[in-house]
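Encoded as structure tokens, the structure appears first; notes follow it.
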Amino acid sequence: MVTENGIDKVDIINRTLAKYGDLTGNELVKITHRKNSPWYKSGQGKGKFQEIKDETIKEFHYIENI
């Protein structure tokens with residue numbers, strides 16, 4: 001909270017929890033691992049482990065409303 005934009009970050013976390021907090025792990029996986037998502041494109045669904053950059057995630061999820 002005392003870091004730069006701390007209150008904004010807490011607000012985003014709270015809105016994210018309000019939107020997704022009731023979902024199961026399997027339901028969250030279906031959202032985050034869907035076709036053409038950053039996770040899907042990284043090949044991790046095929047047993048590979050590559051870093052997914054924050055920028056890639058932001059570009060993919062920029063249209064989401066929390």
Side-chain angles (χ1 to χ4, degrees):
M1 291 279 294
V2 291
T3 62
E4 184 179 342
N5 302 321
I7 292 174
D8 293 335
K9 291 176 183 177
V10 170
D11 181 52
I12 291 169
I13 291 168
N14 286 335
R15 288 186 288 151
T16 301
L17 287 172
K19 184 173 183 177
Y20 299 109
D22 291 333
L23 298 181
T24 66
N26 286 335
E27 291 169 326
L28 291 169
V29 167
K30 286 180 183 178
I31 293 169
T32 58
H33 296 52
R34 65 187 179 261
K35 189 172 183 177
N36 295 319
S37 70
W39 189 91
Y40 181 90
K41 288 182 175 181
S42 75
Q44 291 187 35
K46 300 172 186 125
K48 298 178 185 175
F49 297 97
Q50 298 177 21
E51 177 183 358
I52 303 172
K53 298 188 184 300
D54 290 344
E55 295 78 28
T56 303
I57 295 169
K58 288 176 185 177
E59 288 171 7
F60 182 77
H61 293 285
Y62 77 97
I63 58 172
E64 285 191 25
N65 241 341
I66 295 179

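If you read the sequence from its start, that first residue is 1, and numbering goes on from there.
With Glu59 contributing its side chain and Thr56 its backbone, the two residues share no donor-acceptor pair below 3.5 Å.
Counted within 6.0 Å of CG on Asp8, heavy atoms from surrounding residues, nucleotides or ligands total more than 12; the atom is thus considered enclosed.
Ion pair Lys58/Asp54 not flagged as a salt bridge, since none of the NZ, NE, NH1 or NH2 atoms sits closer than 4.0 Å to an Asp/Glu carboxylate oxygen.
Ile13 has its side chain within reach of Leu17: a pair of non-hydrogen atoms, C-beta onward, lies under 4.5 Å apart. Here the side chains of His33 and Trp39 are in contact, with some heavy-atom distance below 4.5 Å.
With sequence neighbours excluded, the residues satisfying side chain to side chain contact (heavy atoms under 4.5 Å, CB included) with Ile57 are Pro38, Ile52, His61.
Separation of atoms CG (Asp11) and OG1 (Thr16) is listed at 9.0 Å; rounding is to 0.5 Å. Considering CZ of Arg34 and CZ of Phe60, their distance stands at 4.5 Å, rounded to 0.5 Å.
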Practice task
Would you sort out whether Ile31 and Leu23 count as a side-chain contact (heavy atoms from CB on, under 4.5 Å), showing the intermediate values?
Solution key: CA-CA 10 Å; Ile31 293 169; Leu23 298 181; 3.7 Å; yes

